[in-house]
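Encoded as structure tokens, the structure appears first; notes follow it.
Values in this document were obtained by computation on a predicted structure and should not be read as measured data. Heads up: numbering here begins at 1 and tracks the sequence.
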Amino acid sequence: MFMKKKPKIEQLLVDGDILVYKNASAAEQEIDWGDDFWTLHSDFRQVMGMLDNELSQLRKDSGVHEMSICFSSPNNFRKKILPEYKRNRSGTRKPTCFNISKDYLREEYDAFESNWLEADDLMGIKNTMFQDHCCIVSIDKDLLTVPGWHWDFKKKEMFHVDPVLADYYFYLQTLSGDPTDGYKGCPGIGKVKAQRVLDKAIEEDIDMWDAVLETYEKAGFGAGYALDQARMAYILRKEQYEGLDKYPKMWYPEHYNEFSNAEKS
């Protein structure tokens, strides 16, 4: 994971959703006016300063000036596959200055979004499309399912995730699910059991998707259900990119022909 020699990275791919949420939340202030009357407010000038400072420090620490700030689209292709995806977040209040902070970054920086895609997908597509030229900047561990260079916030340095390890993390998520994002994975399989399944598959030279599929089948679920869970966990790469604002290609296992009827089961 840390052995590959770092090439000259030309662009940082910044998770704009987390960047804005974190700074806008930090700037909120509560005031108790007495008689049980409270207000919540933010100083947008403070938020702008916090955003600028964080991005400036990131450029300094990484030595990379060019960056793209990625935002999630209100439309999300995963919700068409699994309506429960991130449903638990609907109605949750965004921090004060959240939307105007996004507008500010769009005006002052290279910030973009694409219909149907999440910020994670934009970073995943670009990181695999321009390998050894980009680096993902996000605290979201789900991004470790994307091969390529990533930013370590604690060490303030880049590290590399090779394709095999990225796939391992992806299949781990496929089995264990993510309650925060609203998909369950395989019932009865948590992180520890998922690791055992995948480690055994690697030890016995068995394809990891075959091991995942067998685990779902033992739990009483067909290939179609397993495929849907995998698509919730899979952060898109260049192979799924159809063009800006176009619906993406769906992920399939490499030997999908063996499971040609998977979505019907």
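- With Arg59 contributing its side chain and His65 its backbone, the two residues share a donor-acceptor pair below 3.5 Å.
- Between the side chains of Asp142 and Tyr234, not a single donor N or O lies within less than 3.5 Å of an accepting N or O.
- Under a cut-off of 6.0 angstrom, the local environment of CG in Leu82 is crowded, with over 12 non-hydrogen atoms contributed by other residues, nucleotides or ligands.
- The minimum heavy-atom distance between Pro187 and Ala219, with the atom names listed, is O-CB, 4.4 Å.
- For the pair Asp121/Glu118, a side-chain contact is recorded, criterion being any heavy-atom separation below 4.5 Å from C-beta on.
- Nearest heavy atoms, Glu10 versus Glu66: O-CB, 3.4 Å.
- Within the model, atoms CD of Gln11 and CZ of Phe130 stand 8.5 Å from one another, a figure rounded to the nearest 0.5 Å.
- Annotation: the span from Asn23 atom CG to Ser42 atom OG amounts to 11.0 Å, rounded to 0.5 Å.
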Checklist line | From CA spacing to verdict: side-chain hydrogen bond (donor to acceptor under 3.5 Å, both in side chains), Asp207, Tyr171 | finding: CA-CA 11 Å; Asp207 184 90; Tyr171 287 122; 5.0 Å; no
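- The shortest distance between side-chain heavy atoms of Tyr247 and Lys80 falls below 4.5 Å.
- In this structure, Leu175 is not a member of the same hydrophobic cluster as Ile206, with clusters built from ILVMFWY side-chain heavy atoms closer than 4.5 Å.
- With sequence neighbours left out, Arg87 forms a side-chain hydrogen bond (donor to acceptor under 3.5 Å, both in side chains) with no residue at all.
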Item checked: side-chain contact (heavy atoms from CB on, under 4.5 Å) between Leu117 and Ile125, worked out -> CA-CA 10 Å; Leu117 303 182; Ile125 289 168; 3.9 Å; yes
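- In this structure, the side chain of Ser72 engages the main chain of Ala119 through a donor-acceptor pair within 3.5 Å.
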Enumerate, atom names and distances included, each donor-acceptor pair closer than 3.5 Å involving a side-chain atom of residues 191-204, sequence neighbours excluded.
| unit_1 | atom_1 | unit_2 | atom_2 | d |
| --- | --- | --- | --- | --- |
| Lys191 | NZ | Gln173 | OE1 | 2.4 |
| Lys193 | NZ | Gly188 | O | 3.4 |
| Asp199 | OD1 | Tyr168 | OH | 2.8 |

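- Closest heavy-atom contact between Ser176 and Gly190: CB-C, 3.8 Å.
- Residue Ile31 belongs to a hydrophobic cluster whose other members are Trp33, Phe37, with links defined by side-chain heavy atoms closer than 4.5 Å.
- Panel note: side chain Thr128, backbone Lys238; a donor-acceptor pair is recorded below 3.5 Å.
- Contact between Gly185 and Tyr216 at its shortest, heavy atoms only, is C-OH, 3.1 Å.
- Checked against a 6.0 Å centroid threshold, the rings of Trp209 and Phe170 do not count as neighbours.
- In the model, Gln57 has a side-chain atom that pairs as donor or acceptor with a side-chain atom of Asp61 under 3.5 Å.
- Look at Glu84 and Lys79 and you find no salt bridge, because none of the NZ, NE, NH1 or NH2 atoms lies under 4.0 Å from a carboxylate O.
- Ion pair Lys154/Asp152 not flagged as a salt bridge, since none of the NZ, NE, NH1 or NH2 atoms sits closer than 4.0 Å to an Asp/Glu carboxylate oxygen.
- Closest approach of Met158 and Cys135 over heavy atoms only: CG-SG, 3.7 Å.
- Formation of a donor-acceptor pair under 3.5 Å by the Gln229 side chain with backbone atoms of Ala226 is not found in this model.
- The closest side-chain heavy-atom distance from Tyr21 to Phe98 is below 4.5 Å.
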Item checked: Step-by-step side-chain contact (heavy atoms from CB on, under 4.5 Å) determination, Gln29 to Leu40 -> CA-CA 6 Å; Gln29 296 185 38; Leu40 181 69; 5.9 Å; no
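- One finds the CG atom of Leu55 at 9.5 Å from the CG atom of Leu12 (value rounded to the nearest 0.5 Å).
- With a 4.5 Å cut-off on side-chain heavy atoms, Trp151 and Leu58 count as touching.
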Margin query: Working note: Phe71 + Leu105, criterion side-chain contact (heavy atoms from CB on, under 4.5 Å); need CA distance, chi angles, decisive distance, verdict.
Written below: CA-CA 10 Å; Phe71 293 126; Leu105 291 173; 3.9 Å; yes
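- Taking CD from Glu113 and CG from Asp17, the interatomic distance works out to 8.5 Å, rounded to the nearest 0.5 Å.
- Trp116 places none of its side-chain heavy atoms less than 4.5 Å from the side chain of Asn76.
- When the side-chain hydrogen bond (donor to acceptor under 3.5 Å, both in side chains) test is applied to Asp140, no partner is found at least two apart in sequence or on another chain.
- Put simply, SG on Cys134 and NE2 on His150 are 11.5 Å apart, with the number rounded to the nearest 0.5 Å.
- Separating the CD1 atom in Ile69 from the OH atom in Tyr109 is a distance of 6.5 Å, to the nearest 0.5 Å.
- Looking at Ser62 and Ile9, their side chains never come closer than 4.5 Å, going by heavy atoms from C-beta outward.
- Hydrophobic clustering, with ILVMFWY side chains joined whenever heavy atoms are under 4.5 angstrom apart, keeps Leu172 apart from Val164.
- Under the 4.5 angstrom side-chain criterion for Ile, Leu, Val, Met, Phe, Trp and Tyr, the cluster partners of Leu13 are Met123, Ile136, Leu143, Val146, Ile235.
- For the pair Ser101 and Phe44, the minimum side-chain heavy-atom distance is below 4.5 Å.
- Pairing each heavy atom of Asp32 with each of Gly34, the nearest pair is OD1-N, 2.9 Å.
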Note to self: Go through it in stages, so that I can follow the logic: the residues are Arg231 and Leu227, the test is side-chain contact (heavy atoms from CB on, under 4.5 Å), and I'd like the CA-CA distance, side-chain angles, deciding distance and then a yes or no.
What the structure shows: CA-CA 6 Å; Arg231 287 172 174 169; Leu227 192 59; 3.7 Å; yes
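- With side-chain heavy atoms closer than 4.5 Å counting as contact, directly or through intermediates, Met50 stands alone and belongs to no larger hydrophobic cluster.
- Surrounding CD1 of Ile18 are more than 12 heavy atoms belonging to other residues, nucleotides or ligands, all under 6.0 Å away.
- Taking the charged nitrogens against the carboxylate oxygens, Arg93 and Glu28 do have a contact shorter than 4.0 Å, which makes a salt bridge.
- Put simply, the side chain of Ser68 reaches to within 4.5 Å of the side chain of Lys126, judged on heavy atoms.
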